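Below is one structure, written out as C-alpha cells, with a few remarks after it.
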Amino acid sequence: MVSAPTPLEAELRALAGAVPDPELPVLSLAELGVLRALHVTGPGRVEVELTPTYTGCPAIEAMSADIERVLREQGQAEVTVRTVLSPAWSTDDITAEGRRKLAEFGIAPPRTRPAGPVPVGLGPTRHAPAPAQEIRCPHCGSADTTLLSRFSSTACKALRRCEACREPFDHFKEL
Amino acid sequence: MTAVPVQAALALGDDALVLSHRLGEWAGHAPALEEDVALANIALDLLGQARALLSLAGDEDELAYLREERAFRNAQLVEQPNGDFAHTIARQLYFSAYQELLYGQLSAADGPFAPLAAKAVKEVAYHRDHAEHWMLRLGDGTPESHERMQRALTALWRYTGELFEPVEGVGVDWDVLREHWLKTVTDVVDRATLTLPTGPQTGAWAAGAGRQGIHTEPFGRMLAEMQHLHRSHPGASW
C-alpha cells in the first residue's frame, strides 16, 4: 500500500534522515540514501525501512539504534526499524549534497554510473587501461591519481594516491 | 513471498560463512597491510551474505555455531586451508568467478534469493577483480611466483567440479553457469601466462561431497576454532 506521507510522517522522516552516519558523520542517513521509508502505523507507533550500503556493513545496527533513539525522544513509544535489501543500494543513491560533503571531508565521492553491470576495467600498473571517468584528489583537485588498493579502511572505500600532491586518499568506490 | 528452500539457503550461506572465516584467518598475517585490509573486507562482505542467507534457513547463530561438521553444506573448495598466498588467490578466483555468475543468475530470477543476490553480485564483482589482478601479478611475475601460482591452481582444481552439482531449490542453469565460469577463469589464467589444469574436476573419494555434508580433514579443525567461544560461553556477547 502506498500513500502520501502525512505531515507527522514527513516530520519524523526528516528527523530520522538527519541522523549522522556512524562511520562517516559528515553525511546524514538521508544524504547517504539509506533511509527508504517511514510509516506511522498507529498512535506512537512507527515503522522505518533502512537499507544497508554493503550486505555486511556493521554500521547498520548503530544506525537503527540511533533512529530509534531520535524518534523515541519525539514521543514515539514503539519504533521498529526493518532492514530491506531490495532494491539494492547503489552509490548513485548518495545525494549531490552528500557528494559535496564527502569531497570536503577528504574522500573522493563515487562517480555516477550508467545503468548496467559494474564496469571493472582497472588493472595493475602495467596492464592498466585509462579509467573511463577520472577520480580527482580531494586535497588538490588533480586528476592524476592512481589506485593503491581496491579495499581501504571500510569495504565501501578504495585507497588511492594523488601523483600531484603525493597525498593518499580514500575514494568512495562505485557500487 | 516464495517459500525458502532450506537446503539451498544452507548451501549458499555455508559457502559464504566458511570462506569468510578462512579469509578472516589472514588478519594480521597478510603480506602487506593493504592486503590484510582487503582480505578482511572481502570476508566481511561474505559474512553479511552468510547472515542474510542463514537467516532464511533458521537462527543464524545456532546454524553457524551449534551445527556439527556433517550438517554443513558448503562446497569443499571454500574450506580448503589458506595455504600460501597463491593458494588463497587461486581459491578466490575459482570461487568469486563462480559466485558472481551464480548471483547474477539468481538476481535475474524471481526467487527468494533474488534481493540478496542483486545486492551481493555488485560486491562480489570487486572480489573477482581483486583475485584477477593478483593472479596476473603472480602468474606474470617472477619465476618463483609463477611456479607457486601454477601449483596452487592445480592443487585446488579438483574441488571446482562440485560447484556445478545442481542444488535443489537454487534456480539456475548449471550448464550455462559452468560454461561461463570456465570461460572467465580460462581468460584470466591465460592472461596470467598460466595453464588451466586439465585433470578431473572431482577426484579422490572426498572431492565434491561437501553439499552432502562430507568434508575434508582441515574443516573440522576450522570449525573447532570458529565455534569454540560460542560453545564454551553460551550467550557470550560484547
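Reckoned from all heavy atoms, side chains included, excluding hydrogens, waters and symmetry mates. Below, chain A is the first sequence line, B the second, and so on; all start at residue 1. Being a predicted model, the structure only gives us computed values, none of them experimental.
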Checklist line | Parallel, tilted or perpendicular: rings of B:His127 and A:Phe151 (30°, 60°) | finding: tilted
Greatest number of non-hydrogen atom pairs under 4.5 angstrom with chain B, of A:Ile60, A:Leu148, A:Thr154, falls to A:Thr154
Would the number of heavy atoms belonging to other residues, nucleotides or ligands and lying under 6.0 Å from CZ of B:Arg51 be above 12?
no
- Query: Step by step, would you call A:Glu174 with B:Lys122 a side-chain contact (heavy atoms from CB on, under 4.5 Å)?
  - Reply: CA-CA 9 Å; A:Glu174 296 73 28; B:Lys122 299 195 291 177; over 6 Å; no
Ordered numerically, the heavy-atom neighbours of chain B under 4.5 Å found in residues 42-50 of chain A are none
Q) Does B:Arg148 CZ have over 12 foreign heavy atoms under 6.0 Å away? A) no
**OP:** Answer yes or no: are there more than 12 heavy-atom neighbours, outside A:Glu97 itself, under 6.0 Å from its atom CD?
**Re:** yes
Among residues 16-31 of chain A, those lying within the under-4.5 Å heavy-atom range of chain B are none
Comparing B:Glu34, B:Lys119, B:Glu35, B:Gln49 against chain A, the one with the most heavy-atom pairs below 4.5 Å turns out to be B:Lys119
In this structure, SG of A:Cys57 is separated from CD of B:Glu123 (nearest 0.5 Å) by 10.0 Å
Those residues of residues 36-46 of chain B that come under 4.5 Å of chain A on a heavy-atom basis, listed by number, are B:Val37, B:Ala38, B:Asn41, B:Ile42, B:Leu44, B:Asp45
Turns out that what part of A:Thr91 lies under 4.5 Å from chain B's heavy atoms comes down to neither
So, the part of A:Ser149 with a heavy atom under 4.5 Å from chain B: the answer is side chain
Against chain B, residues from residues 63-89 of chain A with at least one heavy atom under 4.5 Å, in numeric order, are A:Leu85, A:Ser86, A:Ala88, A:Trp89
